[in-house]
Structures are given as C-alpha cells and as structure tokens.
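In what follows, a single structure is set out as structure tokens and then discussed.
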Amino acid sequence: MITHPTFSKLVLHSDREISEILGIGIENRRTIHEWPLSCVQELQLVNGAKLIYKSQLPPTVEASFYEHARSELLPAHRYLGKSDHCDTMLIEFIDAPLLCNKGYDEKDFVEHGRQLVKEIGQIEGELPVYLDISTQSAWLDFAQMTLKRLKKLVADGRFSLISANAIESLKSWIQSAETLKTVTHDSRVIHGDLKGDQVFITANGYRVIDWQRPIIAPPDVDFVSLLVAQKIDPMKYVDPEMIRIFWFLRLYWAVEAQFHLFPDRKWPLFQEWALESIK
C-alpha cells in the first residue's frame with residue numbers, strides 16, 4: 001500500500017498491487033477527485049479497459065451498501081478490503097453522460113428526478129445506512145445533538161458568523177408538530193447526497209454512484225438535493241417542510257465535519273456550508 005501524497009491518513013493500492021489483483025497491467029492512472037476522506041482514480045488498463053479505484057476513510061457505509069444492495073442502479077464493483085481504516089474498491093467505469101450535463105429543460109429534469117427517486121426506493125436488500133431519522137425520537141436525538149455541537153462551534157469561534165437567534169429558531173422548528181409529521185412520513189433508504197453529477201444516463205437506465213452515506217428519511221429529501229444542485233427552485237415542487245429538512249441535514253454535515261471529523265483545524269468552508277443551510 002502507498003500513502004496519499006497530500007492526505008496522510010489515506011492509503012491506496014500501488015499499481016503493482018492492483019495489477020496483481022486484476023491479472024493485467026495499468027497503463028495510466030489519474031485522480032479525478034480527492035479530499036481528506038477519499039481519493040477516486042480512473043485506471044486505464046493495458047487492454048484498453050477502464051475501472052474506477054476508490055479509497056475512503058470513515059464515515060462511510062459504501063462498501064457494505066454495495067455488498068447488500070440489489071439494484072440495476074448500482075455499478076458493478078469489487079471490494080478490495082480495508083487497510084489502515086481505509087475501505088478500498090474497484091468500481092465499474094461508466095461510459096455514459098451525466099444527468100447534469102444532458103441539457104434537459106426544467107420540466108424534463110424534474111421528471112427524471114422523480115423517476116430516479118422512485119427507483120432508489122425500489123433498491124432491495126438489508127441496506128446499511130449512515131443515519132436513521134425516521135422516527136420522532138431518532139429525529140429529535142439527532143437534531144438536538146446537531147444543535148448542541150453547533151453551539152459549541154459558535155462558542156469557540158469556529159462558526160462565529162452564526163447567531164444565537166438562528167439556533168433558537170432551529171430549536172423551535174425541529175420540535176414542531178409539522179416537522180415531526182413530515183420527517184416520519186413514508187421514510188425509507190435514500191441516497192442522502194443526490195446530485196446530477198452522480199447519475200449516469202445509460203442505454204439501460206440510470207446508474208447512481210457515491211453511496212457513502214445513505215440515510216433513512218423521506219424520499220423527497222433526495223429530490224430536493226437533486227434540484228438544489230441543479231439550481232432549480234425546489235419550492236415549486238416540494239413541501240417547504242421537506243426543504244427545511246434537507247437543509248438541516250446539510251447543516252448537520254457541516255457541523256459533523258468541523259466538530260468531529262476535523263476538530264483540530266478551522267475550515268471556513270464548513271462555516272460557509274452551515275450559513276447556507278440556515279439562510
């Protein structure tokens with residue numbers, strides 16, 4: 001195994017190790033995405049075939065999700081094992097356009113979004129999840145924990161631009177009858193971070209990647225995520241309470257990243273995410 005040149009906690013298989021696993025040499029290897037928790041690379045083999053290689057640190061359930069899920073939405077994959085807390089995988093290279101790049105008008109994009117959310121709901125298997133907010137008690141525990149950590153980040157200056165009034169407003173909202181009704185209605189496993197650049201349009205239907213953190217929540221949370229990423233106003237299509245739940249989940253991720261994942265480093269980006277979520 002080799003250490004990532006920038007993120008020292010990430011380890012990856014060497015070219016030789018991957019070649020031995022596949023029984024074929026690697027002609028070219030390029031990084032297509034990286035940050036402290038994961039590295040994704042495109043491999044071109046000497047026979048012209050391509051694969052995706054991925055190494056990722058917690059929190060992730062992606063390897064287990066692929067193992068347990070049964071659906072044509074998922075690419076073919078091969079788990080290579082865990083090393084120094086990193087899960088490593090080979091994933092099918094999908095040679096197809098992305099949903100976000102197809103040039104659909106708003107009406108067509110919305111139709112694709114609704115169909116995609118429906119098909120995600122049809123994934124079979126005992127699916128592992130990163131979060132479950134499908135009951136009142138689970139939601140309240142999760143939301144109150146998020147606000148408690150948010151207050152600490154504000155107090156120690158890492159999220160200094162967030163006001164006490166904003167936190168109090170969120171505290172009232174998370175406990176409201178309408179919020180509790182919405183968050184527990186028809187919840188199921190969803191992608192949790194669905195965007196058009198994670199959805200390929202193939203001749204045989206959709207393929208969806210990046211299943212690191214699926215959650216149990218109302219399915220329209222995925223729909224809102226897809227619309228927001230495409231800069232389409234979700235207010236025209238989704239109940240406002242659902243939109244607020246989506247943004248609260250985004251706030252949670254900003255808080256989790258700064259408070260738990262990177263506690264020793266102040267990242268302005270995470271505060272920007274938080275501010276966007278409570279705007």
Salt bridge present between [X] and [Y] (N-O < 4.0 angstrom):
X    : Y    : result
E241 : K181 : no
K50  : E42  : yes
D186 : R188 : no
D84  : K9   : no

State plainly whether one hydrophobic cluster holds both [X] and [Y], where clusters connect Ile, Leu, Val, Met, Phe, Trp and Tyr through side-chain heavy atoms under 4.5 angstrom apart.
X    : Y    : answer
V255 : M145 : yes
F262 : W253 : yes
Y206 : V189 : yes
L73  : L98  : no
W35  : L12  : no

Are [X] and [Y] packed together at the side-chain level, in the sense that at least one heavy-atom pair is separated by less than 4.5 angstrom?
X    : Y    : answer
D87  : L57  : no
L275 : L161 : yes
F246 : V228 : yes
K102 : H112 : no
D95  : T202 : no
I278 : F248 : no
L74  : S71  : yes
V61  : P214 : yes

Take atom [atom1] in [X]; do more than 12 heavy atoms of anything else shown fall under 6.0 Å from it?
X    : atom1 : answer
D105 : CG    : yes
E72  : CD    : no
H33  : NE2   : yes
M235 : CE    : no
K82  : NZ    : yes

Looking only at the aromatic ring of each residue, does the gap between the centers of [Y] and [X] stay below 6.0 angstrom?
X    : Y    : value
F7   : H4   : yes
W273 : Y252 : no
Y79  : Y66  : no

[X] side chain to [Y] main-chain N or O, any donor-acceptor pair under 3.5 Å?
X    : Y    : result
E92  : H77  : no
W139 : I174 : yes
S225 : V221 : no
S38  : E34  : no
Q198 : K195 : yes
E272 : W267 : no

Ignoring hydrogens and angles, state whether a donor on the side chain of [X] or [Y] is under 3.5 Å from an acceptor on the partner side chain.
X    : Y    : result
Q115 : E119 : yes
S163 : N165 : no
Q56  : E62  : yes
E17  : S14  : yes
Q136 : T184 : no
T182 : T179 : no

Practice task
Rounded to the nearest 0.5 Å, what's the gap from NZ on K151 to CZ on F259? Could you check?
Solution key: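 Reported value, rounded in 0.5 Å steps: 13.0 Å.
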Handout entry: Euclidean distance, D15 CG relative to Y53 OH, rounded to 0.5 Å
Key =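 Answer for the OH-CG pair, Y53 versus D15, is 10.5 Å.
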Handout entry: Member of L10, T88, V11 meeting the side-chain contact (heavy atoms from CB on, under 4.5 Å) criterion with C39
Key = L10
For residues [X] and [Y], report the shortest heavy-atom separation together with the two atoms involved.
X    : Y    : result
P75  : I94  : CB-CD1, 4.0 Å
S64  : P128 : OG-CG, 3.4 Å
F223 : Y237 : CE2-CB, 3.9 Å
I190 : I120 : CA-CG2, 4.3 Å
H191 : I209 : NE2-O, 3.0 Å
C86  : S55  : CB-OG, 3.5 Å

Exercise for the section: Evaluate the criterion side-chain contact (heavy atoms from CB on, under 4.5 Å) for residue pair W211 and I123; output intermediate values, then yes/no. Expected result: CA-CA 12 Å; W211 294 90; I123 297 175; 3.6 Å; yes
Practice task
Please step through side-chain contact (heavy atoms from CB on, under 4.5 Å) for the pair I133 and L249, ending with a clear verdict.
Solution key: CA-CA 10 Å; I133 58 169; L249 286 164; 4.1 Å; yes
Exercise for the section: Begin with the C-alpha distance, continue with both residues' side-chain angles, and end with the deciding distance and a verdict on side-chain contact (heavy atoms from CB on, under 4.5 Å) for E276 and W247. Expected result: CA-CA 8 Å; E276 181 185 30; W247 283 113; 3.8 Å; yes
Problem - salt bridge (charged side-chain N to carboxylate O under 4.0 Å, His left out) contacts in which one or both residues fall within residues 198-217, not counting sequence neighbours - result: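 Sorted pair list: K54-D210.
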Exercise for the section: Provide the full list of salt bridge (charged side-chain N to carboxylate O under 4.0 Å, His left out) pairs with a residue in residues 154-171, sequence neighbours left out, each pair given once. Expected result: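 Pairs touching residues 154-171 that pass the test: D156-R158.
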Completion exercise
Residue set satisfying salt bridge (Lys or Arg N to Asp or Glu O under 4.0 Å) with E124, at least two apart, ordered chain then number -> R70
